[in-house]
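These notes are about the structure you will find just below.
Hydrogens, waters and symmetry mates are skipped; everything else that's a heavy atom, side chains included, is used. Residue numbers run from 1 in the order of the sequence given.
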Amino acid sequence: MRNVVAGALDVCCVLVFVGIGRSSHDEAGSVTGFLGTAWPFLVGVVAGWALLRAWRRRADAVPVGAGVWLSTVVVGMVLRIVSGQGIAFTFVLVALAFLGLVLVGWRGAARAAQALRGDKPERV
């Protein structure tokens, strides 16, 4: 169950990234446009989970969070190029920064909260 929550949080992080980006460029209105922007990054999240077999690991910031983050950005950018959506250098930097903050960050915050409660990390 925890892995389902972790996967859902990763998907939510990507959707927030896309939503903020589209609204900052006055492109927030179209559902198909939103999905067209989101799908490459969602594939990147799934690829990261598959490569790392994240469902079999604790949701630690390293290696799982960092791996999912990098996979999301790299696969997302490659798929954007292949699908003709294009990328800009500043977009890559913003994606790296924002997705790194949220995909690694929520895991770090969860681990810190667990430590504050005095819980021991589960063994996998």
Side-chain angles (χ1 to χ4, degrees):
M1 182 62 173
R2 277 183 279 242
N3 290 330
V4 171
V5 172
L9 283 172
D10 286 345
V11 167
C12 287
C13 289
V14 168
L15 296 178
V16 167
F17 166 68
V18 170
I20 290 171
R22 289 187 60 81
S23 69
S24 72
H25 293 286
D26 295 325
E27 300 172 339
S30 164
V31 172
T32 55
F34 182 88
L35 294 174
T37 303
W39 77 265
F41 298 103
L42 294 172
V43 171
V45 166
V46 171
W49 271 72
L51 288 170
L52 293 163
R53 297 177 60 181
W55 62 91
R56 298 188 64 148
R57 298 173 177 237
R58 287 194 321 244
D60 288 334
V62 176
V64 176
V68 170
W69 162 47
L70 293 174
S71 171
T72 300
V73 174
V74 170
V75 171
M77 294 301 169
V78 168
L79 290 175
R80 281 182 61 85
I81 292 169
V82 169
S83 67
Q85 294 185 45
I87 60 170
F89 180 70
T90 54
F91 177 60
V92 175
L93 293 179
V94 168
L96 279 167
F98 184 88
L99 291 171
L101 177 67
V102 296
L103 292 172
V104 176
W106 79 254
R107 289 171 168 88
R111 183 66 55 199
Q114 186 179 43
L116 286 173
R117 286 191 313 264
D119 295 347
K120 297 202 186 254
E122 79 254 12
R123 286 288 192 225
V124 179

Practice problem: Rounded to the nearest 0.5 Å, what's the gap from CD1 on I81 to CD1 on I87? Could you check? | Solution: 3.5 Å

Quiz prompt | Within-4.5 Å side-chain heavy-atom neighbours: V14 and T72 | solution = yes

Exercise. Quick one: which residue pairs count as a salt bridge (charged side-chain N to carboxylate O under 4.0 Å, His left out) with a foot in residues 94-106, not counting sequence neighbours?
Key: none

Self-check item: All pairs passing side-chain hydrogen bond (donor to acceptor under 3.5 Å, both in side chains) where residues 88-103 contributes a residue, at least two apart
Solution: none

Quiz item: Any ring-ring contact (aromatic ring centres under 6.0 Å, His included) pairs touching residues 94-117, not counting sequence neighbours?
Solution: F17-F98

Quiz item: Out of curiosity, does V78 fall in the hydrophobic cluster containing V73 (side-chain heavy atoms, cut-off under 4.5 Å, transitive links)?
Solution: no

Side-chain donor/acceptor pairs under 3.5 Å, residues 38-53, sequence neighbours excluded:
from : atom 1 : to  : atom 2 : distance (Å)
W39  : NE1    : G36 : O      : 3.3
W49  : NE1    : D10 : OD2    : 2.7

Self-check item: salt bridge (charged side-chain N to carboxylate O under 4.0 Å, His left out) pairs, two or more places apart, involving residues 68-82
Solution: none

Quiz item: Remaining members of F89's ILVMFWY cluster at a side-chain heavy-atom cut-off under 4.5 Å?
Solution: L93

Practice problem: For M77 and F91, work out which heavy atoms get closest and say how close. | Solution: CE-CE2, 3.4 Å

Quiz item: Given side chains that start at C-beta, do those of V4 and W55 come closer than 4.5 Å, heavy atoms only?
Solution: no

Quiz item: L99 and V11: same hydrophobic cluster, using ILVMFWY side-chain contacts below 4.5 Å?
Solution: yes

Quiz item: Of all heavy-atom pairs between C13 and L103, which one has the smallest distance, and what is that distance?
Solution: CB-CD2, 3.8 Å

Donor-acceptor pairs are to be reported for all side-chain atoms of residues 60-70 against protein atoms at under 3.5 Å, with residues two or more places apart or in another chain.
from : atom 1 : to   : atom 2 : distance (Å)
D60  : OD1    : R111 : NE     : 3.2
D60  : OD1    : R111 : NH2    : 2.3
D60  : OD2    : R58  : NE     : 3.3
D60  : OD2    : R58  : NH2    : 2.9
W69  : NE1    : L96  : O      : 2.9

